[in-house]
2 protein chains.
Amino acid sequence: MVNSSQKEPRIRILDAAVSLFARKGFDAVGVRELAGAADVNISMISYYFGGKVGVLKAIISEFRDQYHKMIEQASDESSSPEEYLRALVCSMVDFARTNTDLSMIAFDSLPLRIPEIEDLRAEMMPELLGKADGLIKAFGLDPNDAVQMSIVGPALFTIVATHLRLKRSQERTFNTEFDDAFYERYAETLADLFLYGVAGTRAKTEGERRH
Amino acid sequence: MVNSSQKEPRIRILDAAVSLFARKGFDAVGVRELAGAADVNISMISYYFGGKVGVLKAIISEFRDQYHKMIEQASDESSSPEEYLRALVCSMVDFARTNTDLSMIAFDSLPLRIPEIEDLRAEMMPELLGKADGLIKAFGLDPNDAVQMSIVGPALFTIVATHLRLKRSQERTFNTEFDDAFYERYAETLADLFLYGVAGTRAKTEGERRH
């Protein structure tokens, strides 16, 4: 690992913020605390990011870039919708395990009522839904159905992100450690539930349309 | 509405905390701020709750009581597992709409690493899973399967709680207002996805066992 004081200040601020925001929540971290953890002068935060909200924006944008890259990589033109969905769920679970702090911050920032962050989210949501569009149609769901989309759209990310939060309590409840074998079955089971759920819902909707 | 200064201090503290914690997050609310919003002397918080963590514990316990009551009420001995699940999802959606702040605090407290809160959560999780036990067996899933339980157990609450967080952005994205008609279809669609998902997963597991 590179000694943190050898990295440039901008990166040191981001690294420190990712760790602090994930652990304590955005609102609970002060600019002074962040500067201290990053080992920079407090003015550097304004200089590079315009303030604490700017740091959060940079982190969420980083999450967006990484997440899009992950979605692209799971896609393979030769694969069926089911194969693609299964590959996607595996990648999502891997992503959450590898980028736990980043995922937590993106998830935890959802309720924040900060105009700049709400605007960024309003930008990201149609993008992510757009990426899911082909998949949604392939499964016979309607991308213009606000009810179906509001559940199906964020369901997978939500379940995986909440799993990260519940992990500690669940390891205690089930008296088991969540290892690679656990996550292999986890991704498979989540994909199963999703695929069977969507297939059944589609069949029911089609049946209703016919009557 | 009763004038807030006529209520007893303990209730005033709880009411103010529910509103502040839901809006800003537990970590971001100071004891002084809480005392100011509740219009009590700061020492009252220690007197009644032993401190800010004690207030959070009281709120989560209140959530637990209300949530259990809601689960009990959805249950009806004469109903089939499917009917029970559908009634439960409707009640969960109603509960989240009526007790939004309480639900958000319970959900947002999941990542907190405060021993007293982690202990309370460790107590609540087997309780809630215990309530779901009959239902889980009725659907042919195995309550001892940590993978299935870690997904299926919290999935419904998670999806509904995250919906509350995404509500503002989604109303903007879909350019629609989420009204009673929306939530009626929302509960039905969520129950459909869940029921078909579980039925398919069970059939697959049984098929694998036979081979």
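These figures come from a predicted structure and were not determined experimentally. Residue numbers start from 1 in every chain, and the chains themselves are labelled A, B, ... in the order their sequence lines are given, proteins ahead of strands.
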Given the options A/Ala28, A/Gly25, A/Ser150, which has more heavy-atom pairs under 4.5 Å with chain B than any of the others?
A/Ser150
Taking all non-hydrogen atoms of both residues into account, name the closest pair between A/Asp27 and B/Lys24 and its distance.
OD2-O, 3.0 Å
When rounded to the nearest 0.5 angstrom, what is the spacing between CZ in A/Phe157 and CG in B/Leu166?
9.5 Å
Tell me if the CD atom of B/Glu206 is crowded by more than 12 foreign heavy atoms within 6.0 Å.
yes
Heavy-atom neighbours of A/Lys52 NZ exceed 12 at 6.0 Å
yes
Which bit of B/Met104 is near chain A, if near means a heavy-atom gap under 4.5 Å: side chain, backbone, both or neither?
neither
With only heavy atoms counted, which part of B/Phe107 is less than 4.5 Å from chain A, the side chain, the backbone, both or neither?
both
Could you look at B/Arg185 and say if it's the side chain, the backbone, both or neither that has a heavy atom under 4.5 Å from chain A?
both
Which of the residues B/Glu188, B/Met149, B/Lys167, B/Arg113 is involved in the greatest number of heavy-atom pairs with chain A at under 4.5 angstrom?
B/Arg113
Most contacts with chain A, counted as non-hydrogen pairs under 4.5 angstrom, among B/Gln148, B/Lys204, B/Arg121, B/Arg23
B/Lys204
Interatomic spacing from CZ in B/Arg165 to CG in A/Leu112 - rounded to 0.5 Å:
8.5 Å
Under 4.5 Å from any heavy atom of chain A, what part of B/Asp145 do you find: side chain, backbone, both or neither?
side chain
Got a second to check how far A/Ile159's CD1 is from B/Ile159's CD1, nearest 0.5 Å?
4.5 Å
Count the heavy atoms of every other residue, nucleotide or ligand shown that sit under 6.0 Å from CD of A/Glu184, and state whether that count exceeds 12.
no
Would you say CG of B/Asp65 has more than 12 non-hydrogen atoms from neighbouring residues, nucleotides or ligands within 6.0 angstrom?
yes
First locate atom CG of B/Leu193, then atom CG of A/Leu193, and finally report the distance between them rounded to the nearest 0.5 Å.
10.5 Å
Give a yes or no on this: more than 12 heavy atoms of other residues, nucleotides or ligands lie within 6.0 Å of atom CD of B/Glu127.
yes
The side chain to side chain contact (heavy atoms under 4.5 Å, CB included) partner of B/Leu190 among A/Ile151, A/Val147, A/Thr201 is A/Ile151
Check whether B/Thr176 gets within reach of chain A through its side chain, its backbone, both or neither, counting any heavy atom under 4.5 Å.
side chain
With a cut-off of 6.0 Å (strictly less than), are more than 12 heavy atoms of other residues, nucleotides or ligands near CG of B/Asp76?
yes
